[in-house]
Colleague: 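Pasting a structure below so you can have a look.
The shown structure was predicted, so the numbers you read here are calculated from the model rather than taken from an experiment.
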Amino acid sequence: MAANIESPTRAAWAQQDPLLTTYYDEEWGMPIFDDDGVFERLSLEAFQSGLSWLTVLRKRDAFREAFDGFSIARVASYDDADIERLLADDRIIRNRRKITATIANAVAAVRLRETAGIGLAEFVWSFRPDESPTPEAEVDVPSTSSESRELARELKRRGFAFVGPTTVYALMTAIGIVDAHLVSSHRRGCSGLWTRDGYRTDMRVPFTFRVPLEPLQLLEPLEPLEPLE
């Protein structure tokens, strides 16, 4: 755990609202290793595009209820009636392209498991870099990385949608794959996976990383989708 708990130093975005502060202090950068958990974060990052993260956080409970707790198996079974149900739910962000992309991503995650024996979480975590950024100031925090660009490319190749390098990098920072906290932050190193100077610790992740090198057959999206980024 990072030091300086008694004198917390937070990113500027985390000081804009108490909900963001709580998210920063308790969730952002903490490891998520289960498939449904990673799917939820990937989905919410896509819904956030063009909006603020605060908007998504305020609607997160409603999103979880509307999308059956972001169960990959359940969302993958959604049909046209479910799409219309979601479009009619004014508690969530009612964007047809993002809704259909979320369903398509659940289908792609199921196919990844069935055809390659690899869960979404293991696949995403296999792109963890050897070193994490060490930003001294807000302007130093990257929005993409070589790993996020490669992961975005591989996800798209496997039928995922709305997974541009920026969205994917936001996911990677949110679930601890990289540590994007400022080096002065009291949350720096909070995941236990990274040292304060950006190197891997001895803490292990629960995967064997049996990621296939061969391309998988692309899935047909539910409707034509344009790139998110």
Colleague: Less than 4.5 Å apart, side chain to side chain, heavy atoms only: is that true for Glu122 and Thr208?
Modeller: yes

Colleague: Could you check Asp61 against Arg91 for salt bridge (charged side-chain N to carboxylate O under 4.0 Å, His left out), going step by step and ending with a plain yes or no?
Modeller: CA-CA 9 Å; Asp61 287 344; Arg91 301 172 306 156; over 6 Å; no

Colleague: State, with a plain yes or no, whether a side-chain heavy atom of Gln15 is found less than 4.5 Å away from one of Pro8.
Modeller: no

Colleague: Might you point out which heavy atoms bring Phe123 and Leu112 nearest each other, and give the distance in Å?
Modeller: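 That closest heavy-atom pairing would be CB-CD2, 3.9 Å.
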
Colleague: At what distance, to the nearest 0.5 angstrom, does CG of Leu151 lie from CE of Met172?
Modeller: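 Between atom CG of Leu151 and atom CE of Met172 there are 6.0 Å.
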
Colleague: Could you go through the side chain to side chain donor-acceptor pair (under 3.5 Å) check for Ser132 and Tyr199 one step at a time?
Modeller: CA-CA 6 Å; Ser132 200; Tyr199 295 100; over 6 Å; no

Colleague: Sub-3.5 Å donor-acceptor pair from the side chain of Asp25 to the main-chain atoms of Thr22, do we have one?
Modeller: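 No, Asp25 side chain to Thr22 backbone: no donor-acceptor pair under 3.5 Å.
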
Colleague: Asn105 and Gly159: which non-hydrogen atoms are nearest, and at how many Å?
Modeller: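 In this case the closest contact between Asn105 and Gly159 is OD1-O, 4.4 Å.
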
Colleague: Check Phe70 against Ser43 and note the closest heavy-atom contact, atom names and distance.
Modeller: CE2-CB, 3.5 Å

Colleague: Between CZ of Arg153 and CZ of Arg157, what distance do you get to the nearest 0.5 Å?
Modeller: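 Rounded to the nearest 0.5 Å, the CZ-CZ separation comes to 9.0 Å.
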
Colleague: Considering non-hydrogen atoms only, spot the tightest contact between Ala101 and Phe162 and give its length.
Modeller: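 Looks like CB-CG, 4.1 Å.
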
Colleague: Between Arg200 and Asp130, is there a side-chain N and carboxylate O pair less than 4.0 Å apart?
Modeller: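 Answer for the salt bridge query: yes.
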
Colleague: First locate atom CD of Glu40, then atom CG of Asp36, and finally report the distance between them rounded to the nearest 0.5 Å.
Modeller: 9.0 Å

Colleague: Within this structure, what is the OG1-OH distance for the pair Thr100 and Tyr78, rounded to the nearest 0.5 Å?
Modeller: 14.0 Å

Colleague: Is the Phe207 ring parallel, tilted or perpendicular to the Phe33 ring (thresholds 30°, 60°)?
Modeller: perpendicular

Colleague: Among Ile32, Val124, Leu171, exactly one meets side chain to side chain contact (heavy atoms under 4.5 Å, CB included) together with Ile177. Which residue is that?
Modeller: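 Among the candidates, only Val124 passes.
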
Colleague: Test salt bridge (charged side-chain N to carboxylate O under 4.0 Å, His left out) on Glu27 and Arg60 and set out the steps.
Modeller: CA-CA 13 Å; Glu27 293 186 60; Arg60 182 163 62 168; 2.8 Å; yes

Colleague: Roughly how far, to the nearest 0.5 Å, is OG1 of Thr115 from CZ of Arg158?
Modeller: 8.5 Å

Colleague: Closest approach of Pro133 and Ala180, non-hydrogen atoms and distance?
Modeller: CG-CA, 4.5 Å

Colleague: In sequence, state the C-alpha distance, the side-chain angles, and the governing distance for Ile83 and Arg96, and then conclude on side chain to side chain contact (heavy atoms under 4.5 Å, CB included).
Modeller: CA-CA 8 Å; Ile83 294 174; Arg96 179 180 290 272; 3.7 Å; yes

Colleague: Answer yes or no: is there an ion pair linking Arg196 with Asp179, defined by an N-O contact shorter than 4.0 Å?
Modeller: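 Here Arg196 does not pair with Asp179 in a salt bridge, since their nearest N and O are not under 4.0 Å apart.
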
Colleague: Yes or no on side chain to side chain contact (heavy atoms under 4.5 Å, CB included) for Val178 and Tyr169, after CA distance, side-chain angles and deciding distance?
Modeller: CA-CA 9 Å; Val178 294; Tyr169 192 75; 4.0 Å; yes

Colleague: Using a 3.5 Å distance criterion without hydrogens, assess whether the side chain of Ser143 forms a donor-acceptor pair with backbone atoms of Thr166.
Modeller: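 No: the side chain of Ser143 does not pair with the backbone of Thr166.
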
Colleague: Ignoring hydrogens and angles, state whether a donor on the side chain of Thr21 or Arg10 is under 3.5 Å from an acceptor on the partner side chain.
Modeller: no

Colleague: So, Arg149 and Glu154, do they make that salt bridge, N to O below 4.0 Å?
Modeller: no

Colleague: Using a 6.0 Å cut-off, check whether atom CZ of Arg94 has over 12 heavy atoms from anything other than its own residue.
Modeller: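 Counting neighbours around CZ of Arg94, more than 12 heavy atoms of other residues, nucleotides or ligands fall under 6.0 Å, so yes.
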
Colleague: Can a donor-acceptor pair be found, under 3.5 Å and without considering hydrogens, that links the side chain of Ser148 to the backbone of Thr144?
Modeller: no

Colleague: Examine distances only and state if a side-chain atom of Thr201 and a backbone atom of Gly192 form a donor-acceptor pair shorter than 3.5 Å.
Modeller: yes

Colleague: Do Phe127 and Val205 share a hydrophobic cluster, counting only Ile, Leu, Val, Met, Phe, Trp and Tyr and linking them when any side-chain heavy atoms are less than 4.5 Å apart?
Modeller: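 Yes; Val205 is reachable from Phe127 via cluster members.
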
Colleague: Enter the distance from Thr102:OG1 to Leu86:CG here, rounded to the nearest 0.5 Å.
Modeller: 8.5 Å

Colleague: In this structure, is the centre-to-centre distance between the rings of Trp53 and Trp28 below 6.0 Å?
Modeller: no

Colleague: What I'd like to find out is whether the side chain of Pro31 reaches to under 4.5 Å of the side chain of Trp125, using heavy atoms alone.
Modeller: yes

Colleague: Test Tyr24 against Ser185 for side chain to side chain contact (heavy atoms under 4.5 Å, CB included), laying out the working first.
Modeller: CA-CA 11 Å; Tyr24 181 87; Ser185 172; 2.6 Å; yes

Colleague: Under a 3.5 Å distance rule, please check whether Ser71 uses its side chain to pair with a backbone N or O of Asp68 as donor and acceptor.
Modeller: no

Colleague: Starting from the C-alpha separation in whole Å, work towards a yes-or-no answer on side chain to side chain contact (heavy atoms under 4.5 Å, CB included) for Arg128 and Leu193.
Modeller: CA-CA 11 Å; Arg128 181 187 175 200; Leu193 293 167; 3.7 Å; yes

Colleague: For Ala46, does its backbone N or O pair with a side-chain atom of Ser49 as donor and acceptor, under 3.5 Å?
Modeller: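 The answer is no, because no donor-acceptor pair under 3.5 Å joins these two groups.
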
Colleague: Between Cys190 and Met30, what is the shortest heavy-atom contact and its length?
Modeller: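 Heavy atoms only, the tightest pair is O-SD, 3.6 Å.
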
Colleague: Less than 4.5 Å apart, side chain to side chain, heavy atoms only: is that true for Lys59 and Phe63?
Modeller: yes

